[in-house]
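Read through the structure below, which is laid out as structure tokens, and then see the notes.
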Amino acid sequence: MQDAGTTITADGRTIGPVVMEMKNITLRFGGVVAIQDISFDIREGEIRAIIGPNGAGKSSMLNVISGFYVPQEGEVWFKGEKRPPMKPFEVARQGIARTFQNIALFEGMTVLDNIMTGRLTRMKAGLLAQMIWKGRAEEEEIENREAVEKIIDFLEIQHIRKTPVGRLPYGLKKRVELARALAAEPSILLLDEPMAGMNVEEKEDMSRFILDVNDEYGTTIALIEHDMGVVMDLSDRVVVMDYGKKIGDGTPDEVRNNQAVIDAYLGVAHD
Amino acid sequence: MSADFYYGVEVFLNGLMAGVLYALVALGFVLIYKASGIFNYAQGVMALFAALTLASIIEGQVPFARLINATFGTEIHDFGWRVPVLLAIVLSIGVMVAFAWLVQRLVFRHLVGQAPIILFMATIGLAYFLEGFGDLMWGSEIKTLDIGIPQGGNRWIEEHSAFLGGDDFYGFFIDNLDIVAALVAAVLVAGLVAFAQYSKQGRAMRAVADDHQAALSVGISLDFIWVLVWSLAGFVALVAGVMWGAKSGVQFSLSLIALKALPVLMLGGFTSIPGAIVGGLIIGVGEKLFEYLVGAPYLGGATENWFAYVVALLFLVFRPQGLFGEKIIERV
Ligand SMILES: Nc1ncnc2c1ncn2[C@@H]1O[C@H](COP(=O)(O)OP(=O)(O)O)[C@@H](O)[C@H]1O
Ligand SMILES: [Mg+2]
């Protein structure tokens, strides 16, 4: 491991320089301090985990990165530049896609339509162009369909392509949400508890998908996860949060042996 | 078949035509309600304002003439030209889009996340404001709106259907204007459906209607979509306003057709585009047929004023989710 430039991991993946940096982020909700003066960075191509007990502020941190929450203090640096305050849709258009802890899908649409919405940021033809220059719009639609079909194959959800999302079981919904995020071909993917509520088999599938995405497309991934075992297997580096504070940051091994982390997790019932 | 039967059919057809107008107004409501949860009380006034704008532009009237004259002591009223209908329609659409943008920018942008009742109150304010603003911009006289559609019954249909009912039947009397209105409405609805189904913005619109948070996460600007749906609702209002205005003149009563859209929405559901259309047609046909079969012969007539509301009330009691809405199941 080295700080600047690139690193090659043990399994042969390339991890590049810092692409996103959180500097002294503080986020409050009235009297509740959800995030207290936290700094950490995310490097290009790595899988970065955020762990911690319930209510530690992990989701809040992801919401800050994706623009859903605006921190009272601190700066977000993206690709070497300080990011001005941004709406969530603007962040998404910068190539940062996400999933939600409580799944936010378009329940009334089919799986295919849901995933197609992930392509919206990639569609260029404007309102007028679509009306006047139909050929270009159709071409684009075909390109998008191809990209989406690839993702559908990749995540093994061909059999539910035309099913309305509202009818799917929880585990599959999580997978569709990941598919939609992937459809944007993001440079950074934010996953909020992608395996929560899944059985062992589903967790294994999901882990494999996450690793494959990172490996095949070089997508940078920041994920929140409760299951320590999963986190240790998946991630390159881990941030540990507790009561809004950062109590650890490093490789899985470093974090596992960190006394503050052990204390935070002792006696805390986590599933 | 007796002539009475064919007169019944004629009443049915005329009811369909009236229903088209109700459906158009209801469609405007549904568009906005689906995408933003706002029940837009101003939809009727928007139809009035749109028709007023079109009529005034055609006549070459100077906007805000009264205001300008009062301020500068001038005496201007008209530009002295007549604007071709097609150009005037394009200009009117422009005005409605500008209106949509202003409404979003100045009002609803600041009310994001407020309770539905607050949003509703805001649209009531908007309705009264727009009514006054229309007055200020174009004056308050009743205007005729001549967009070149021949008035009166369609002779061809009349002549070619006369043979059906024997000597007492002279053929179906159907207003030319109604036929045009029905055709325009059909094209409009088909266009809207195609737009929602196949265009990028249409897909984004459906996404926003389904889930705001998810829509944001895939890069959709809610602001933009809301301006878009208000623009579409403005366009639909223009079509409804023109059709009504061409028939009865552009006057205040136009904004009252919005009240007829309410029972249509009870019937069709507040979030269903097919519901708005079918609901509009059912109310239109229902009130005409009821008047013909029951109202006029047994109840002393004028049942058209209340029939729609009674139907809506029955629906509220027995099928509150409307014709196409999903069954509402109370969780306990
Ligand atoms: N939108 C919100 N409004 C008020 N409080 C919030 C909001 N989001 C999070 N919080 C609070 O911030 C703290 C951290 O929550 P969260 O980030 O969801 O934790 P985690 O994801 O680690 O379980 C909690 O005390 C939670 O109640
Ligand atoms: Mg959380």
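The structure presented is a predicted model; accordingly, all values stated were derived computationally and were not measured. Chain letters run A, B, ... following the sequence lines, proteins first, then strands; residues in each count from 1.
Ranked by non-hydrogen atom pairs under 4.5 Å with chain B, the options Pro88(A), Ala184(A), Gly67(A) are led by Pro88(A).
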- Could you go through the salt bridge (Lys or Arg N to Asp or Glu O under 4.0 Å) check for Lys200(B) and Glu141(A) one step at a time? CA-CA 9 Å; Lys200(B) 171 185 171 183; Glu141(A) 176 85 5; over 6 Å; no
- Task: Check the pair Glu107(A), Asp211(B) against side chain to side chain contact (heavy atoms under 4.5 Å, CB included), reporting the backbone distance first and the verdict last.
- Result: CA-CA 8 Å; Glu107(A) 299 269 324; Asp211(B) 190 313; 6.0 Å; no
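Under a cut-off of 6.0 angstrom, the local environment of CZ in Phe40(A) is crowded, with over 12 non-hydrogen atoms contributed by other residues, nucleotides or ligands. In Glu81(A), the CD atom is not crowded: 12 or fewer heavy atoms of neighbouring residues, nucleotides or ligands sit closer than 6.0 Å. Around atom CG of Leu106(B), more than 12 heavy atoms belonging to other residues, nucleotides or ligands sit under 6.0 Å away. No more than 12 heavy-atom neighbours from other residues, nucleotides or ligands sit within 6.0 angstrom of CZ on Arg167(A). Environment of CZ in Phe318(B): sparse, with no more than 12 heavy atoms of neighbouring residues, nucleotides or ligands closer than 6.0 Å.
The stretch residues 96-103 of chain A places Arg98(A), Phe100(A) near chain B, each with some heavy atom under 4.5 Å from a heavy atom of that chain. Residues of residues 87-105 of chain B never come within less than 4.5 angstrom of chain A, heavy atom to heavy atom.
Contacts of Ala215(B) with chain A are made by both backbone and side-chain atoms, with heavy-atom separations under 4.5 Å. Neither the backbone nor the side chain of Ser66(A) comes within contact range of chain B, judged by heavy atoms closer than 4.5 Å. Contact of Leu105(A) with chain B is made through the backbone alone, with heavy-atom distances under 4.5 Å.
Contact of the Leu216(B) side chain with the Phe68(A) side chain is registered, since non-hydrogen atoms from C-beta on lie closer than 4.5 Å. In this structure, Arg93(A) and Ser221(B) have side chains that are in contact, with non-hydrogen atoms separated by less than 4.5 Å. For the pair Arg180(A)/Ser217(B), a side-chain contact is recorded, criterion being any heavy-atom separation below 4.5 Å from C-beta on. Side chains of Leu120(A) and Ile220(B) form a contact here, defined as non-hydrogen atoms less than 4.5 Å apart.
Rounding to the nearest 0.5 Å places OG1 of Thr117(A) at 8.0 Å from CZ of Arg203(B). Here Arg206(B) contributes atom CZ and Met109(A) contributes atom CE; the two are 5.0 Å apart, rounded to the nearest 0.5 Å. If you take CG on Asp223(B) and NZ on Lys87(A), they are separated by 5.5 Å, rounding to the nearest 0.5 Å.
Sorted by first and then second residue, the ring-ring contact (aromatic ring centres under 6.0 Å, His included) pairs with a member in residues 136-166 of chain A form an empty list; sequence neighbours excluded.
Considering every non-hydrogen atom in both Ala92(A) and Val218(B), the closest pair reads CB-C, 4.1 Å. Minimum interatomic distance between Ala214(B) and Ala104(A) (heavy atoms only, all atoms of both residues): CB-O, 3.2 Å.
The side chain to side chain donor-acceptor pair (under 3.5 Å) test applied to Gln43(B) returns Asn40(B), not counting sequence neighbours.
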